[in-house]
There are 4 protein chains.
Amino acid sequence: MPDVSGIAGDKLRSLIERIEKLEAEKKQLGDDIKDIYSEAKRNHFDVPIMKKIVRERRMNKDDLEEQQNLLELYRKAIGMWEDTPLGEYAFADAAE
Amino acid sequence: MPDVSGIAGDKLRSLIERIEKLEAEKKQLGDDIKDIYSEAKRNHFDVPIMKKIVRERRMNKDDLEEQQNLLELYRKAIGMWEDTPLGEYAFADAAE
Amino acid sequence: MPDVSGIAGDKLRSLIERIEKLEAEKKQLGDDIKDIYSEAKRNHFDVPIMKKIVRERRMNKDDLEEQQNLLELYRKAIGMWEDTPLGEYAFADAAE
Amino acid sequence: MPDVSGIAGDKLRSLIERIEKLEAEKKQLGDDIKDIYSEAKRNHFDVPIMKKIVRERRMNKDDLEEQQNLLELYRKAIGMWEDTPLGEYAFADAAE
DNA sequence: CACTGGAAAATGCCGC
DNA sequence: GCGGCATTTTCCAGTG
């Protein structure tokens, strides 16, 4: 759109193009990450579990514990699984 | 949560049970839909295409509302841009 | 589209309409569920935690345990958190 | 996972570290994009509308490929329907 | 600072 | 059983 726009139109178009360029790179990185998960799968790793691990590592440890405590509190409040050993597994669930 | 083992626990359990009931119904509907696709397949219709059609129709329907929102936004913005060609620019891009 | 179609066209349209009807009901249930979560929020419950609870209850307990074990195994394999209290707790839990 | 604490653990750690590196870069790009929107705002552009435009352009781009897939599907199905009015029906619906 | 809407991620499902 | 697609769920930034 060569001459419909004035200065501001050029600026706007420039901004949008810069954004689109960055978004394209961002998408590329997403694809690269997928590739690594594929490689992991080929090496017989469990991909969903790996994703949980990555997420745990990204999370702040204090928040993780706080979540755990709340989860446990809620389980208790509704009397969930009170006669099973599953309560012990609470910690792992917080990360999911 | 105010009171773990008292009234709040009852309320929490009640909420969760209501949710689970609705989720069960929702799942049932999903199964019913699958059944219809099976029936379609038995009648020699091409199921993937049927799904595309259903999807298209849903998208088109959703888009009507979306278009309204978009127009709304544009009208709002035109006040700012009314003495520049930018309004036109935005419209042209959105419609292209 | 009254007379473009023959018998098969009628059948196809009928199938699609039944599907769309069920999908509408399904969507409605989804909205109802959202409403309950809103009510929960108004009652000062932590909605994300509630969702975890609902999910836990939906899951098969054996699968849950299996997941836990794998997660723990992976944490160990990469030496994750081995010098933190959370890590010790998890290790203890896994070993018992 | 073959060998928890041996070579497989090294492989797992390596995969995870590569993923985390890419995620960091990805996050950086997200921040860069935000910066551009900030710049736009400083230049008195309407950011929500810009986002709409970017989104529209991305959708339109995606739709081109989608349309191709759809046509592909339709061509495939036409063999089955070529002596009925159903092909027309599908086309009409998709185009409406 | 809670809420809404939009982007991103995860889950589940389907055909090959 | 694997990869791709669609849906659902989760997350997060902007807004009042």
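Remember, predicted model here, so these are calculated numbers, not experimental data. By convention in this document, chain letters (A, B, ...) are assigned in the order of the sequence lines, proteins followed by strands, and residues within each chain are numbered from 1.
Between the CG atom of D/D31 and the P atom of F/dA13 there is a distance of 8 Å, rounded to whole Å. Taking atom NZ of B/K52 as the reference point, atom C1' of E/dG15 lies 13 Å away to the nearest angstrom. Rounded to whole Å, the distance from CG on C/D63 to P on E/dT11 is 13 Å. One interatomic measurement links the two molecules: CZ of B/R57 to P of F/dA6, which rounds to 18 Å at whole-angstrom precision. At whole-Å resolution of the value, CG in D/L29 and C1' in E/dA7 are 15 Å apart. For the pair C/Q67 CD and E/dG12 C1', the computed distance is 14 Å after rounding to whole Å. We find that CD1 of D/I33 is positioned 17 Å from P of E/dG6, with the value rounded to whole Å. Across the protein-nucleic acid pair, C/R58 atom CZ and E/dG12 atom P stand 8 Å apart, rounded to whole Å.
Side-chain atoms of B/Q28 and B/D32 include a donor-acceptor pair closer than 3.5 Å.
Between D/K26 and D/E23 there is no salt bridge, since none of the side-chain N atoms of the basic residue sits less than 4.0 Å from a carboxylate O of the acidic one. Between D/E20 and A/R58 there is no salt bridge, since no side-chain N of the basic residue sits under 4.0 Å from a carboxylate O of the acidic one. In summary, D/E25 and D/K21 engage in a salt bridge, as defined by a charged side-chain N under 4.0 Å from a carboxylate O. A salt bridge is defined here as a Lys NZ or Arg NE, NH1 or NH2 lying under 4.0 Å from an Asp or Glu carboxylate O, and A/R18 with D/E39 meets this definition.
Distances shorter than 4.0 Å separate some side-chain N or O of D/R55 from OP1 or OP2 on E/dA7.
Contact annotation for A/R42: no contact, since no heavy-atom pair falls under 4.0 Å across all strands. Residue contacts shown for A/K27 are absent, as no nucleic acid heavy atom lies under 4.0 Å away.
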Using side-chain contact (heavy atoms from CB on, under 4.5 Å), reason through D/V54 and D/Y37 one step at a time and then give a plain yes or no. CA-CA 11 Å; D/V54 169; D/Y37 280 117; 3.8 Å; yes
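Taking only side-chain atoms of A/K26, from C-beta outward, the nucleotide of E/dA8, F/dT10, F/dA6 with the closest atom is E/dA8.
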What N/O pairs connect the protein and nucleotides 14-16 of chain F at under 3.5 Å? Give each pair on its own line.
none

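Remark: side-chain polar atoms of C/N60 are paired, donor with acceptor, to backbone N or O of C/D62 under 3.5 angstrom.
Annotation: of the two residues near DNA chain E, B/V47 and D/E23, the 5′-most nearest-nucleotide partner is D/E23.
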